[in-house]
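Below, chain A is the first sequence line, B the second, and so on; all start at residue 1.
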Protein chains: 2
Amino acid sequence: MDRAVTISQVAALAGVSTGTASKALNGRGALRPETRLRVQQAAEQLGFVANAAARSLQTGRTYTVGMITTDSIGRFSIPLLIGAEDALGAGQMSVFLCDARDDPIREQYYLRTLLSRKVDGIIVTGRRTQARQPIGRDLPVPVVYAFISSADGRDCSVVPDEADGARRAIGHLLAVGRRRIAHVTGPEHHHSAQMRAAGAVDTLAAEGLRLATPVLYGEWSEAWGRQAAGILLSTGADVDAVFCGSDQVARGLAEGLRDAGREIPRDIALVGFDNWDVMVDGSRPALTSVDMDLEGIGRTAAEMLLAAINGEPVHGHQARPCRLVPRASTAV
Amino acid sequence: MDRAVTISQVAALAGVSTGTASKALNGRGALRPETRLRVQQAAEQLGFVANAAARSLQTGRTYTVGMITTDSIGRFSIPLLIGAEDALGAGQMSVFLCDARDDPIREQYYLRTLLSRKVDGIIVTGRRTQARQPIGRDLPVPVVYAFISSADGRDCSVVPDEADGARRAIGHLLAVGRRRIAHVTGPEHHHSAQMRAAGAVDTLAAEGLRLATPVLYGEWSEAWGRQAAGILLSTGADVDAVFCGSDQVARGLAEGLRDAGREIPRDIALVGFDNWDVMVDGSRPALTSVDMDLEGIGRTAAEMLLAAINGEPVHGHQARPCRLVPRASTAV
DNA sequence: AATGTCAAGGAAATCGATTGCCTAGAAGCT
DNA sequence: AGCTTCTAGGCAATCGATTTCCTTGACATT
């Protein structure tokens, strides 16, 4: 463990004052090029890295943003985080990840921690897209909600347009010639299930069509998908495609249909939602799915946060389009 | 956006000097109880939160550790992170998560960032258990490797004992009466595949047994599992159980065997590895699997890091036992 | 030669909290 | 009364980098 190198050591080696060294390294002030170079070489030679605490104490900026995931870190938070890191990394900013585990106490605790660390901004995210109570009032730093949205319309939220995703799914099924479409999804009270179902119904209505059966609500699991296959077939409804509310449901449904002797996509075409790699690739056949572009949402949220940090006011709800990824389960 | 409250405002409100206020809030120095209380109430009233930068500049401690995942954040890093957060959160420390995405440049960049932020310590982790080159030499802060290990034996590493996991898997299969056991796993050059295969072979040898077929190496995918089912059956080998190197392989294998008319576990019992919820629950029947206790590894790594931060020397390779989680795929 | 201009770099204040040292006053002792 | 001892709390240095003035000297201008 060496002692950390400070700027005064660099300055001493270069034969200048600390102030001059600081200017040389930060490209400020009026210095002769050779002086600047001498300082830079000295810094290089000593392996100097500026003490972030000292810098932020002086400048008031920490080049750090906090990310609070209200639900446990997982499948949704990770792409959001990666997207945010992409956007922030370009600006040399780092991300503090805090997992509140769905516990309001932990959430407030982390909020205090982030404020004490004087982060430049905060991104709030979670597992559900449903609107949530704002994390705090009159915070001293800008806040952006990603994936979830804030119930306060003045807050800035970036969310996926789930109805748009449903529209693309149905549009795709119509485009490959299916007309008798069913919809199997998660719990009826779940915001995402509602949005996706509504999007599907509306899209069909615009074509003068309707779902082949009432929406089948259940849970977000493969087991429910398998069970739904049985229900669907037992109704005797003449279905030639199913739009599923999640990839897990779709995968379960695919297995259920196979077990019952139906062939996908010949007899029934299938579209999932989430474009979750292990599900879409593991399914047989590979699953067409709707991608919410979580990385893009994370990136956009981070960009808006950066704008807010730089004083450009941002607010309002922004819904981003989805993308359909066609695979074998809807091949013509 | 309020202006941040400083300790001098608290001191002024309480009618004491800043030094006294600091002592009051940190429980140091000799103060009258009523003075202490007066300061605490003033801090409370103003919503004072100490500026972490100023504090760490003075004390040299940041109460922050960095976590560098060499591979992309994912299924393995998350439980490790959660475990580490558990252990560190108790000490009021936060975690900086850095995703180096398997890129040495990014890794060194993040290392510099963490050092500039004067983190108290660093946890290095990744997707593979194989030993890796140390992340740096003579770093000014302690480093602990979690899940992966450092090639330098003097470094501190906490890893799963994968051979132990294999031993438990085979032991379990033997306990439920299976004797003709095959092993299907990932790429032969993959460290985990080697450790697990060796563990399986050794455990059988200790009982005077051997694998029913040579180890089937492939890749870590469901597709390979399905393919392996065909290979296994076509050899005509009389197999009554398969230990798989991962849950994905096991799930694929289960499907392949089902398709070929074999019943699990009656005809062939199945054990996976990783205990990955979506795989073990999605399989039919639910999959018995080996759990590496990643959270425990993260927690242990964090505890060792804390010890190192507090000056207690820690080093050496620590292998932690696995746990077998029995499910329907090996039910008697 | 006297004055003005400008480039280059130094000196010192500053950010906010901590902490070692010091002092004023109270209490105890002879 | 005079001395010591202790307690409570203030003062000021400190951490490391940034930044705002200043100063110095070189050069140009008249």
Of all nucleotides in DNA chain D with an atom under 4.0 Å from a non-hydrogen atom of chain B, which is the first and which the last going 5' to 3'?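 Footprint of chain B along DNA chain D, 5' to 3': D/dA8 to D/dG16.
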Modelled atom types, side-chain donor and acceptor of [X] and [Y], under 3.5 Å:
{"X": "B/Ser94", "Y": "A/Arg117", "result": "yes"}
{"X": "A/Thr300", "Y": "A/Gln318", "result": "no"}
{"X": "A/Thr129", "Y": "A/Ser192", "result": "yes"}

Are A/Arg112 and A/Tyr109 in a cation-pi setup, meaning NZ or CZ lies under 6.0 angstrom from the ring centre and within 45 degrees of the ring axis?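 Relative to the ring axis of A/Tyr109, which defines the angle, A/Arg112 lies outside at least one limit.
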Please report the distance, rounded to the nearest Å, between [atom1] in [X] and [atom2] in [N].
{"X": "A/Arg28", "N": "C/dA8", "atom1": "CZ", "atom2": "P", "answer": "18 Å"}
{"X": "B/Tyr63", "N": "C/dT18", "atom1": "OH", "atom2": "P", "answer": "10 Å"}
{"X": "B/Leu25", "N": "C/dT18", "atom1": "CG", "atom2": "C1'", "answer": "12 Å"}

Is it true that a side-chain atom of B/Arg38 and a backbone atom of B/Ala14 form a donor plus acceptor pair closer than 3.5 Å?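 Yes, because the side chain of B/Arg38 sits within donor-acceptor range (under 3.5 Å) of the backbone of B/Ala14.
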Looking across every strand, which nucleic acid part, if any, lies under 4.0 Å from A/Thr6 by heavy atom: base, sugar-phosphate, or nothing?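 The residue A/Thr6 makes sugar-phosphate contact but no base contact.
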Between A/Leu88 and A/Leu306, is any pair of side-chain heavy atoms under 4.5 Å apart?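 Touching, per the 4.5 Å side-chain cut-off.
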Got a sec: does the CD of B/Glu34 have more than 12 other heavy atoms crowding it under 6.0 Å?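 Count over threshold, so yes.
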Is it true that atom CZ of B/Phe48 has more than 12 heavy atoms of other residues, nucleotides or ligands lying nearer than 6.0 Å?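 Yes, because the 6.0 Å sphere around CZ of B/Phe48 holds more than 12 heavy atoms from other groups.
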Under 3.5 Å, which protein N or O atoms sit close to an N or O of nucleotides 9-12 of chain C? Give each pair with its distance.
{"residue": "C/dG9", "atom": "OP1", "partner": "A/Arg32", "partner atom": "NH2", "Å": "2.8"}
{"residue": "C/dG9", "atom": "OP1", "partner": "A/Thr35", "partner atom": "OG1", "Å": "2.6"}
{"residue": "C/dG9", "atom": "OP2", "partner": "A/Arg32", "partner atom": "N", "Å": "2.9"}
{"residue": "C/dG9", "atom": "OP2", "partner": "A/Thr35", "partner atom": "OG1", "Å": "3.2"}
{"residue": "C/dG10", "atom": "OP2", "partner": "A/Ser17", "partner atom": "N", "Å": "2.9"}
{"residue": "C/dG10", "atom": "OP2", "partner": "A/Ser17", "partner atom": "OG", "Å": "3.1"}
{"residue": "C/dG10", "atom": "OP2", "partner": "A/Thr20", "partner atom": "OG1", "Å": "2.6"}
{"residue": "C/dG10", "atom": "O6", "partner": "A/Lys23", "partner atom": "NZ", "Å": "2.7"}

